[in-house]
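Report on the following structure.
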Amino acid sequence: MRRLRNRLAGALLSVLALSLTASGCGGSSEAAPGGGDPTSSTAGASVANRVEPLARRPEPRLPVTVPSADGERVTVRAAERIVPLSGSLSEIVFTLGLGDRVVARDVTATFEQAAKLPVVTRGHDVSAESVLSLRPDLVLAETTSGPEEAVDQIRAAGVPVLFVEAAKGLDDVGPRIGAVADALGVPAAGKELTRRSEQRIEAVRGDVPHGQEPRVAFLYLRGSASVYLIGGKDSGAGSLIEAAGAVDAGAASGLDKDFTAITSEALVKAAPDAILVMSKGLESVGGVDGLVKIPGVAQTPAGMDRRIVSVEDGVLLNYGPRTDQVLKSVVAQLYGEDGAK
């Protein structure tokens with residue numbers, strides 16, 4: 001079952017990883033990607049390229065035995081050398097205050113504190129040999145991490161592997177933090193970080209303008225690979241779009257799958273007032289000028305108004321401790337800093 005799920009999820013993750021590698025794997029902190037119109041809404045708030053650890057550094061109390069999202073129970077006896085297999089999981093560990101124990105990173109871990117760590121995985125392309133060469137005592141994986149053979153090889157070497165459910169929306173922020181914190185033997189810190197994260201998200205939601213409900217389409221773009229997709233109800237962006245007081249245009253137009261190839265017909269039916277993209281994806285098509293040349297985009301209200309919302313690739317759909325910043329950036333770009341967009 002997990003093997004099939006991994007294959008289905010791997011295609012998009014691999015393309016994302018390749019694009020991040022090609023761009024130097026650095027965190028993208030610019031608010032208006034190159035080539036864009038400086039008057040477009042991409043000039044909104046950006047997400048800090050650093051995580052904010054808890055004020056008090058917790059001390060793990062191990063061993064612990066915890067449930068893993070793959071149905072197993074995992075016993076963690078030590079957490080001195082941790083390898084998270086995704087940027088989101090790395091972000092959680094660092095924000096809990098245990099970043100000094102992380103010995104490697106995934107290419108999507110683009111925040112500043114992790115930048116100097118060796119890259120051992122690229123999205124869905126886990127290298128068992130690279131991971132094992134660092135002698136980890138704990139590996140943290142997403143349920144979409146793979147290939148499965150690589151993860152099995154890590155487990156066969158005697159390294160505990162904890163699977164965490166892949167993020168799908170804002171409701172996953174707390175459970176994912178809790179799962180990681182429990183495995184690291186710092187459950188109290190997990191509760192504190194969950195409380196802080198959820199309070200910050202709610203504070204941003206409280207500032208969202210009411211009564212506008214713009215239609216927002218999430219486009220996944222990788223121009224170098226000729227990948228042009230529009231997100232549907234399972235894209236992972238719907239929760240963020242709705243929290244910003246908007247309507248997920250792809251899902252509302254009847255797109256039931258996670259992603260569908262962009263066509264003029266699909267865009268016209270979605271009729272987005274704004275388009276949400278990852279910053280590197282926007283750059284890959286030549287910025288806003290290139291985006292509106294994709295068939296159908298210029299005919300949408302978003303294309304005509306050049307109303308584009310851009311957020312850094314390494315954080316947009318993480319649903320981790322920086323989710324409040326992501327939401328704040330989306331809201332600022334969507335409505336304008338004064339909410340009068």
Side-chain angles (χ1 to χ4, degrees), residues 31-33 35-47 169-170 204-221 228-279 281-283 285-313 316-317 323 325-341:
D37 179 353
T39 64
S40 75
S41 60
T42 56
S46 62
V47 179
L170 268 73
V204 177
R205 296 181 77 159
D207 290 334
V208 174
H210 296 291
Q212 299 190 40
E213 296 189 340
R215 294 172 65 87
V216 178
F218 174 44
L219 302 189
Y220 185 91
L221 310 170
Y228 309 100
L229 306 173
I230 180 172
K233 71 174 185 178
D234 293 325
S235 72
S239 176
L240 186 66
I241 291 171
E242 292 168 5
V247 174
D248 184 341
S253 68
L255 298 179
D256 293 329
K257 296 193 301 180
D258 49 2
F259 289 93
T260 301
I262 290 176
T263 64
S264 296
E265 293 77 12
L267 285 171
V268 168
K269 187 175 181 180
D273 300 303
I275 290 173
L276 173 65
V277 293
M278 295 179 178
S279 59
L282 183 59
E283 291 176 4
V285 298
V288 177
D289 290 335
L291 176 59
V292 296
K293 293 178 182 177
I294 295 175
V297 172
Q299 286 70 50
T300 65
M304 287 184 256
D305 293 340
R306 299 171 69 88
R307 193 175 180 186
I308 313 301
V309 177
S310 171
V311 179
E312 293 85 343
D313 301 48
L316 176 58
L317 300 182
T323 298
Q325 295 182 43
V326 175
L327 180 58
K328 185 176 182 179
S329 176
V330 171
V331 170
Q333 296 179 66
L334 187 58
Y335 301 100
E337 294 288 352
D338 59 359
K341 184 70 181 179

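As the structure is a prediction and not an experimental result, all values here were calculated from the model.
A 4.5 Å side-chain heavy-atom check between Pro295 and Tyr228 finds every atom pair outside the cut-off.
Checked by atom type and distance alone, the side chain of Arg307 never pairs as donor or acceptor with a backbone atom of Ile275 at under 3.5 Å. Judged by distance alone, with hydrogens and angles left aside, the side-chain atoms of Gln333 form a donor-acceptor pair with the main-chain N or O of Ser310 at under 3.5 Å. Without hydrogens or angle criteria, Ser239 side chain to Leu170 main chain gives a donor-acceptor distance under 3.5 Å.
Across Gly238 and Asp248, no two heavy atoms sit closer than the pair CA-OD2, 3.4 Å. Nearest heavy-atom pair, Leu317 versus Ser235, reported as atom, atom and distance to 0.1 Å: CD1-O, 4.0 Å. Residue Val309 comes nearest to Val330 through the heavy atom pair CG1-CA, 4.0 Å, listed as atom of the first residue, atom of the second, then distance. Across Pro301 and Asp273, no two heavy atoms sit closer than the pair CB-OD1, 3.9 Å. For Val326 against Leu240, the heavy-atom pair with the smallest separation is CG1-CD2, 3.8 Å.
Between the CD1 atom in Ile294 and the CG atom in Leu219 there is a gap of 7.0 Å [rounded to 0.5 Å]. Atom CE of Met304 and atom CD of Gln299 lie 7.5 Å apart (nearest 0.5 Å).
Residue pairs meeting the salt bridge (charged side-chain N to carboxylate O under 4.0 Å, His left out) criterion with at least one partner in residues 205-221, sequence neighbours excluded, are Glu202-Arg205.
Residues that satisfy the side-chain contact (heavy atoms from CB on, under 4.5 Å) test with Ala270, not counting sequence neighbours, are Ile230, Ala249, Ser253, Pro272.
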